[in-house]
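Whatever order the structure lists them in is the order used to number ligands and atoms, beginning at 1. Everything quoted here is computed from the prediction, not taken from an experiment.
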Amino acid sequence: MSLFHNLLVKAVQVMPTKAVWFFSKNYIAGNTLTDAVNKVKELNSKGILATLDVLGESINNEEEAVAAKIEALKVLDAIHENKLNANLSIKPTQMGLSINEDFAYKQILELVHKAKQINNFVRIDMEDSPYTDLTINVYKKIFQEYKNVGIVLQAYLKRTYDDAVILNKLSTNYRLCKGIYVEPAAISYKDKQTIRKNYLKVLKTILKNGNYVGIATHDKYLIDESYQIIKEMNIPKDKFEFQMLLGVREDLRDKINNDGYRIRIYVPYGKDWYAYSIRRLQENPNIAGHIVKEFFSFR
Ligand code: FDA
C-alpha cells in the first residue's frame with residue numbers, strides 16, 4: 001500500500017460514519033434482510049445468482065454469536081420463501097470461532113443442517129491467518145456429515161496450494177479469491193503477479209481434480225486466463241462459476257453473464273457495515289480519494 005493510499009484510508013477512518021456510508025451504499029444491499037431480498041430478486045431477474053452475507057465478524061461473546069446464527073437462519077428461510085437463486089455465506093468468527101472452535105462448529109453445523117433441509121448451501125468465508133487452520137478443521141468436521149458446505153482459499157497465502165491438494169481429496173467445493181487481509185510477508189505473497197500466478201496454479205489443480213470452484217475475482221487478467229483454462233481443460237459449465245462483490249465491476253459481471261457463464265454476486269447487508277466498508281476502501285484507493293473529496297465538498 002502506498003503512503004498516499006495509507007493516508008487516504010486513515011482519513012476515511014476518522015470521518016463520521018455518515019460520510020463513509022456515502023461510499024458504502026454501493027457495496028451493501030441495505031440494513032435489513034428485506035433490502036437484501038429485494039437486491040437478490042433484482043439480480044436473479046437478470047439471470048445472476050447471489051450469496052447472502054449478514055455483515056459482522058470477530059464476535060467475542062456467545063450471546064452475540066447465537067444472535068448472528070439466528071439471523072443467518074432467517075436468511076435461509078427468506079431464500080426458501082422467496083424462491084431466491086441464492087445461498088448463504090458466513091464468517092467463522094461471527095459464528096464464534098474466536099471464542100471456541102467446538103462452539104463455532106456446532107453453530108455452523110446447525111446452519112448447514114438447515115440449508116440441507118431446503119436444498120441449499122453454506123459457504124464458509126476465510127478470514128485472516130490465525131483462523132485458517134481452525135476454519136479448515138471446522139469445514140472438514142462438518143463435511144463428514146453434510147456435503148452442502150464449501151470453503152474459501154486465498155491465493156496470497158503461501159500454504160494455499162498445499163491446502164488445495166489436501167482438500168481436493170474431499171471433493172471440496174471452493175471459492176478461490178486473492179485474499180483481503182493484511183498478512184505477514186513470511187506467510188503471504190505481496191507481489192501482484194506472484195499472487196496471480198499462484199491463483200491460476202491453485203485454480204488448475206482444483207479443476208484438474210474435478211472439484212467445483214467459484215472463481216472470485218474482478219481482475220480482468222485472471223478472468224481472461226480462467227476463460228482460457230476452462231476452454232483448454234474442457235471444463236463443463238456446471239463445474240465452476242464466477243463470483244464478484246456487489247457494486248464492483250458490473251461491466252465485467254454483465255459480460256460474464258452474457259458469455260453464458262454462471263455468475264454469483266456476494267450481497268452483504270446489515271447494520272455492521274463499517275468494518276466491511278473500510279476493507280473495501282483499503283482495496284481501492286481511488287474510491288478512498290473520491291470519498292475524501294466528497295466529504296470535504298459537503299462541509
Ligand atoms: P484486484 O484487487 O486486483 O481488483 C481488480 C480490479 O477490480 C481493480 O483494478 C478494480 O477495478 C476492481 N476492484 C477491486 N476491488 C474493488 C473495490 N472494492 N471497489 C471498486 N473496484 C474494485 N477475501 C478473503 O480474504 N476471504 C473471503 O472469504 C473472501 N470472499 C470473497 C467473495 C467474493 C465473491 C469476492 C469477489 C471476493 C472475496 N474476497 C474474500 C476478497 C478478495 O480476496 C479480494 O480482496 C478482492 O476480490 C479483490 O481482489 P481481485 O481479485 O478482485 O483483484
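Under 4.0 angstrom from ligand 1, the non-hydrogen atoms of Q243 come from both its backbone and its side chain. Only the side chain of V248 comes within 4.0 Å of ligand 1, counting heavy atoms alone; its backbone N, CA, C and O stay farther away. At a heavy-atom cutoff of 4.0 Å, ligand 1 is contacted by the side chain of R175 but not by its backbone. Under 4.0 angstrom from ligand 1, there are no non-hydrogen atoms of K220. Heavy atoms of V152 found under 4.0 angstrom from ligand 1 belong exclusively to the side chain.
Between K255 and D251 there is no salt bridge, since none of the side-chain N atoms of the basic residue sits less than 4.0 Å from a carboxylate O of the acidic one.
Neither side chain, S98 nor T93, offers a donor N or O lying under 3.5 Å from an acceptor on the other. Y269 and E71 share a donor-acceptor pair across their side chains, judged by distance under 3.5 Å alone.
Ligand 1 lies within reach of Y27, whose nearest heavy atom is under 4.0 Å from it.
The ligand atoms of ligand 1 that sit less than 4.0 angstrom from a heavy atom of Y266 are 32 (C), 34 (C). Residue Q154 has at least one heavy-atom neighbour below 4.0 Å for each of these atoms of ligand 1: 24 (C), 25 (O), 26 (N). Below 4.0 Å from some heavy atom of T217 lie the following atoms of ligand 1, by number and element: 50 (P), 51 (O), 52 (O). In summary, the atoms of ligand 1 found under 4.0 Å from a heavy atom of D219, numbered by their order in the structure, are 5 (C), 52 (O), 53 (O). If you number the atoms of ligand 1 from 1 as listed, the ones under 4.0 Å from a heavy atom of A216 come out as 33 (C), 35 (C), 36 (C). For ligand 1 and G179, the ligand atoms under 4.0 Å from any heavy atom of the residue are 25 (O), 42 (C), 43 (O), 45 (O).
Geometrically, ligand 1 and C177 share no nitrogen or oxygen pair separated by less than 3.5 Å. Taking any N or O of Y181, backbone or side chain, none lies under 3.5 Å from an N or O belonging to ligand 1. Note: an N/O pair closer than 3.5 Å links H218 and ligand 1 by distance alone. By the 3.5 Å distance cut-off applied to N or O atoms, L222 is not counted among the residues near ligand 1.
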For this session: Apply side chain to side chain contact (heavy atoms under 4.5 Å, CB included) to M95 and V138, showing your working.
Result: CA-CA 11 Å; M95 292 301 138; V138 166; over 6 Å; no
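Atom CG of L200 and atom OG1 of T205 lie 13.0 Å apart (nearest 0.5 Å). Considering CD1 of I48 and CG of N257, their distance stands at 4.5 Å, rounded to 0.5 Å.
The side-chain heavy atoms of H113 and Y146, taken from C-beta on, include a pair separated by under 4.5 Å. By the 4.5 Å heavy-atom criterion applied to side chains, F240 and R262 are not counted as neighbours.
Using cut-offs of 30° and 60° for the angle between ring planes, the Y227 and Y261 rings count as perpendicular.
Pairs engaging residues 162-174 under the salt bridge (charged side-chain N to carboxylate O under 4.0 Å, His left out) rule: R159-D163 [sequence neighbours left out]. Under the salt bridge (charged side-chain N to carboxylate O under 4.0 Å, His left out) criterion, the residue pairs touching residues 185-214 are R196-D219, with sequence neighbours excluded.
Here the shortest heavy-atom distance to atom 33 (C) of ligand 1, taken over L245, L157, L252, belongs to L245.
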